[in-house]
Amino acid sequence: MTHQIYNFYAGPATLPLPVLQRVQKELLNFEGTGMSVLEISHRSKEYDAVHKKASQLLRELMGIPDNYKILWLQGGASTQFFMVPLNLQQTGKPMEYVHTGIWSKKAIKEAKLYGSVNIVASSEDQKFTYIPKNVEFTKNTSFAHITGNETIGGIEWQQWPTVPKEVPLVCDMSSNLMDKVIDVKKFGVIYAGAQKNLGPAGVTVVIVRDDLLTRVPENTPTMLKWKTHADKDSLFNTCPCFSIYFCERVLEHLKTLGGITVMEKQNRKKAKLIYDVIDNSHGFYRGVAQKDSRSLMNITFNLSTPELEASCVEEAKKNGLIGLKGHRDVGGMRASIYNAMPLKGVEKLVEFLKEFKEQHE
Ligand SMILES: *Cc1c(COP(=O)(O)O)cnc(C)c1O
């Protein structure tokens, strides 16, 4: 009788049921050790194999070239908001950011602690309902930073911006890592908290081109240098073993499903089902994001009043559809439909939204 609920929370978020079941089965006896992965050494050969496999699988699935390091760190994506400028800023060269919503704002705030920040484009003029187009970064910048998907606003880059070739493009992909096929070579750094589209909370993935590891000032605390972790394969200190192990199981699962190409196809199908309900509702449901910037992962919409929204969230809950309330800062409703959300969950939501409309028009 487990798991009859479909969970649309933005993060931590739903995880693949077969992986949860496998982890449950393995919990008391990890890889035949007679111990749990939660209680064995991060230096043990059993854990080490899984640790290595997690990076291998991520590399294989995302097509990450050999000259990129994969780091498994703690502190969340929020820690990367300052580790990015700390590790990449070059004296005399400003940092350039695109401002697309609440997450980019937090990243920008931290960067300002380290030096001068230029906002090269912003969608604040229209309440962050779109991704700016034709964004231009200058040559003389330390790095260019974008937020791949604004989890709260529900807008996502559809086409990556071009950057001058000497400028590394840095992307916060916390909520859209592996939602579609991407060309990793376009980026200098990709970072993502795991708890949205990859695994449980507690670990953050940083994918960094190796020539960018040496910019960091000498007097930086050891733990805050990407290079420290790159040199030790993310085993400089005790790593978040359980979270990394869990991510490895998710990645194995993704591979058996056919990898990111298959995920992308399914994600487009899932998102379209919900956006179609919004678009065909004659204004009963109002999409927040402009059509050309719509997120595949976080679908934000409003009803005519906050009361009606609250009742929609409540009714949905009674139907086993949980977590549809929008972020507390923006209100409204939000359906987060990451890779692990089954098509069936989306179909059930769509059916519910249609019925709710009929009953309340
Ligand atoms: C959730 C989220 C973050 C913050 O992640 P933490 O791991 O909680 O620090 C940053 N950026 C984006 C786009 C997010 O969705």
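Atoms within a ligand are numbered from 1 in the order they appear, just like the ligands themselves.
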- Item | Basic-acidic side-chain contact under 4.0 Å: D279, R286 |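 No, this pair does not count.
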Name all pairs fulfilling the salt bridge (Lys or Arg N to Asp or Glu O under 4.0 Å) condition that reach into [range], sequence neighbours left out, sorted by first residue then second.
range            : answer
residues 181-196 : D183-K185
residues 113-141 : K133-D292
residues 29-41   : E31-R249

- Message: Would you say the rings of H42 and Y47 are close, in the sense that their centroids are separated by under 6.0 Å?
- Response: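 Ring-ring flag for Y47/H42: false, centres at least 6.0 Å apart.
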- Query: Within the side chain of T228, is there an N or O that forms a donor-acceptor pair under 3.5 Å with the backbone of T222?
  - Reply: yes
Run through all N or O atoms in ligand 1 and write down each protein N or O closer than 3.5 Å, as a pair with its distance.
residue  : atom   : partner : partner atom : Å
ligand 1 : 7 (O)  : A77     : N            : 3.1
ligand 1 : 7 (O)  : Q195    : NE2          : 2.9
ligand 1 : 8 (O)  : Q195    : NE2          : 3.4
ligand 1 : 9 (O)  : A77     : N            : 3.2
ligand 1 : 9 (O)  : S78     : N            : 2.8
ligand 1 : 9 (O)  : S78     : OG           : 2.6
ligand 1 : 11 (N) : D172    : OD2          : 2.6
ligand 1 : 15 (O) : T151    : OG1          : 2.4
ligand 1 : 15 (O) : K196    : NZ           : 2.7

